[in-house]
Amino acid sequence: MKPFLLLATRPEDVPADEEYALFLRFTGLDERDLHRVRLEAGPLGDVDLDAYSGIFVGGGPFNASDPVQSKSAVQRRAEADFARLLDQVVPRDFPFFGACYGIGTLGAHEGAVIDRTYREPISVVTVSRTAAGAADPLLADLPDEFTAFVGHKEAITRLPPSATLLATSAACPVQMFRVGHNVYATQFHPECDVDGMTTRIRTYARHGYFAPEELDLTLAAVRREPVTHTGRILRTFVERYAR
């Protein structure tokens with residue numbers, strides 16, 4: 001089997017390594033079959049798509065809707081790397097799954113409107129499949145409604161014509177979409193569990209996701225309801241595209 005590629009942007013080693021471990025766990029892959037590249041540490045370079053079964057993108061501190069003048073040199077380089085990669089991925093309809101920051105990169109590439117209208121506090125929410133989502137192979141084994149971890153400063157307000165909406169929620173209309181047949185992105189975190197969310201809450205406590213005095217409330221929010229289905233999406237992606 002050709003390996004999968006995980007593109008990461010978290011500069012902090014603890015949550016970055018935990019994210020990789022969670023992707024390994026939920027995909028069922030081992031380190032030999034899931035290569036990780038940390039884009040915050042250096043340029044992506046050329047990616048030979050024919051060497052991989054598919055690509056995953058994890059979360060991170062960057063926001064696609066940040067004003068250009070406020071973006072660091074590292075963020076601008078990472079965005080340019082993602083744009084060049086997606087220039088290959090989308091025309092080829094190459095298997096791609098972007099979680100969290102991945103929805104911003106794919107959305108920006110396709111011309112989505114991304115802003116802070118539907119920003120989400122860190123919590124567990126109920127996500128609903130659309131009719132297209134119920135028919136999609138990645139969501140076929142999930143119920144019409146399922147719980148998921150969220151927590152984002154931005155979200156997609158309007159999808160471009162190239163995208164098919166697969167899942168939505170009451171407070172954030174775009175939770176998952178697909179471009180073509182094989183290019184996916186989620187607003188929610190299918191790669192996370194309670195421990196992983198706890199690590200991120202503590203790591204990013206002063207990054208503007210919540211007020212410092214709301215730490216305990218935020219920790220409690222991700223324990224409010226169990227999240228049991230979303231990791232299956234990643235395993236299904238691997239089962240569908242491993243080659």
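- Counting non-hydrogen atoms of other residues, nucleotides and ligands closer than 6.0 Å to CG of D48 gives a total above 12.
- The nearest pair of heavy atoms linking V150 to H189 is CA-CD2, 4.2 Å.
- Applying the side chain to side chain contact (heavy atoms under 4.5 Å, CB included) test to H109 and every residue at least two apart in sequence or in another chain returns L86, D87, V90.
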Self-check item: Test side-chain contact (heavy atoms from CB on, under 4.5 Å) applied to L7 and L85, step by step
Solution: CA-CA 11 Å; L7 301 178; L85 178 65; 3.5 Å; yes
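- When atom types are taken as modelled, the side chain of T9 and the backbone of L39 share no donor-acceptor pair closer than 3.5 angstrom.
- Using a 4.5 Å heavy-atom cutoff, the side chains of S169 and E120 are in contact.
- The salt bridge (Lys or Arg N to Asp or Glu O under 4.0 Å) analysis of residues 171-199, with sequence neighbours excluded, yields the pairs R25-D193, D136-R178, E191-R200.
- Y118 is not connected to L165 by any chain of hydrophobic side-chain contacts under 4.5 Å among Ile, Leu, Val, Met, Phe, Trp and Tyr, and they are in different clusters.
- Of the candidates F210, Y204, Y209, Y204 is the only one forming a ring-ring contact (aromatic ring centres under 6.0 Å, His included) with H207.
- Atom-to-atom distance recorded for R36:CZ and L24:CG is 9.0 Å, nearest 0.5 angstrom.
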Quiz prompt | T203/E12 under side-chain hydrogen bond (donor to acceptor under 3.5 Å, both in side chains): CA gap, chis, key distance, verdict | solution = CA-CA 8 Å; T203 300; E12 303 87 3; over 6 Å; no
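- Distance check, rounded to the nearest 0.5 Å: CG of D144 to OG1 of T130 gives 10.0 Å.
- Contact check for M1 versus L29: side-chain heavy atoms found under the 4.5 Å cut-off.
- Distance check: R77 CZ to F82 CZ gives 10.5 Å after rounding to the nearest 0.5 Å.
- Annotation: side chain of F146 is in contact with side chain of F188 (closest heavy-atom distance under 4.5 Å).
- More than 12 heavy atoms of other shown residues, nucleotides or ligands fall within 6.0 angstrom of atom CZ in R243.
- Side chain of R240 to main chain of P95: no donor-acceptor pair is present (N/O by atom type, distance under 3.5 Å, no hydrogens or angles).
- Hydrophobic cluster membership differs between L106 and F237, with clusters built from Ile, Leu, Val, Met, Phe, Trp and Tyr side chains linked at under 4.5 angstrom.
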Exercise. Could you give me the CA-CA distance, side-chain angles and deciding distance for E225 and T147, then say whether side-chain hydrogen bond (donor to acceptor under 3.5 Å, both in side chains) is met?
Key: CA-CA 8 Å; E225 295 181 73; T147 53; 5.7 Å; no
Quiz item: Given I55 and L49, is the side-chain contact (heavy atoms from CB on, under 4.5 Å) satisfied, shown in steps?
Solution: CA-CA 9 Å; I55 296 171; L49 297 183; 3.8 Å; yes
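- Closest approach of G196 and C192 over heavy atoms only: C-SG, 3.7 Å.
- With no hydrogens or angles considered, no side-chain donor-acceptor pair links T126 and E145 at under 3.5 Å.
- Residue E19 comes nearest to G59 through the heavy atom pair OE2-N, 2.9 Å, listed as atom of the first residue, atom of the second, then distance.
- Between S53 and A242, the shortest heavy-atom contact is OG-CA, 3.8 Å.
- Looking only at atom types and distance, the side chain of R10 has no donor-acceptor partner in the side chain of Y101 under 3.5 Å away.
- Contact detail for G60 and C100: the closest heavy-atom pair is N-SG, 4.4 Å.
- Inspection of the E31 and Y20 side chains reveals no N or O donor paired with an N or O acceptor under 3.5 Å.
- In this structure, the side chain of Q75 engages the main chain of N63 through a donor-acceptor pair within 3.5 Å.
- Counting heavy-atom neighbours within 6.0 Å of R158 CZ, excluding the residue itself, gives a total of 12 or less.
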Quiz item: When you look at V183 and D93, which way does the side-chain contact (heavy atoms from CB on, under 4.5 Å) test go after all the steps?
Solution: CA-CA 6 Å; V183 180; D93 202 15; 3.8 Å; yes
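- Judged by distance alone, with hydrogens and angles left aside, the side-chain atoms of R235 form a donor-acceptor pair with the main-chain N or O of T27 at under 3.5 Å.
- A heavy-atom distance below 4.5 Å is found between the side chains of L215 and R202.
- Nearest approach of P173 to T168, heavy atoms of both residues: O-OG1, 2.7 Å.
- Relative ring orientation between F97 and F56 is described as tilted, the plane-to-plane angle lying within the 30° to 60° band.
- Both V194 and I122 are members of a single hydrophobic cluster when ILVMFWY side chains are connected at heavy-atom separations under 4.5 Å.
- At a threshold of 4.5 Å between non-hydrogen side-chain atoms, the residues I233 and Y184 do not count as touching.
- In this structure, S123 contributes its side chain and P121 its backbone to a donor-acceptor pair below 3.5 Å.
- When the options K71, R76, K153, R116 are evaluated for a salt bridge (charged side-chain N to carboxylate O under 4.0 Å, His left out) with D66, the one that passes is R116.
- Side chains of D30 and D33 form a contact here, defined as non-hydrogen atoms less than 4.5 Å apart.
- Distance check, rounded to the nearest 0.5 Å: OG1 of T230 to CG of L142 gives 8.0 Å.
- The side chain to side chain contact (heavy atoms under 4.5 Å, CB included) search around H35 returns P3, L5, Y52, not counting sequence neighbours.
- With a 4.5 Å cut-off on side-chain heavy atoms, V127 and Q187 do not count as touching.
- A salt bridge links R92 with D50; the closest basic N to acidic carboxylate O contact falls under 4.0 Å.
- Residues L138 and V89 do not share a hydrophobic cluster, defined by chaining ILVMFWY side chains whose heavy atoms lie under 4.5 Å apart.
- P190 places none of its side-chain heavy atoms less than 4.5 Å from the side chain of F26.
- The structure places OG1 of T105 at 10.5 Å from CD of E110, a figure rounded to the nearest 0.5 Å.
- The CG atom of L44 sits 5.0 Å away from atom CG of D81, with the distance rounded to the nearest 0.5 Å.
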Self-check item: F62 and V74: CA distance, side-chain angles, deciding distance, side-chain contact (heavy atoms from CB on, under 4.5 Å) verdict
Solution: CA-CA 10 Å; F62 302 146; V74 173; 4.0 Å; yes
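- Linking Ile, Leu, Val, Met, Phe, Trp and Tyr residues whenever their side-chain heavy atoms come within less than 4.5 Å places M176 and V125 in a single cluster.
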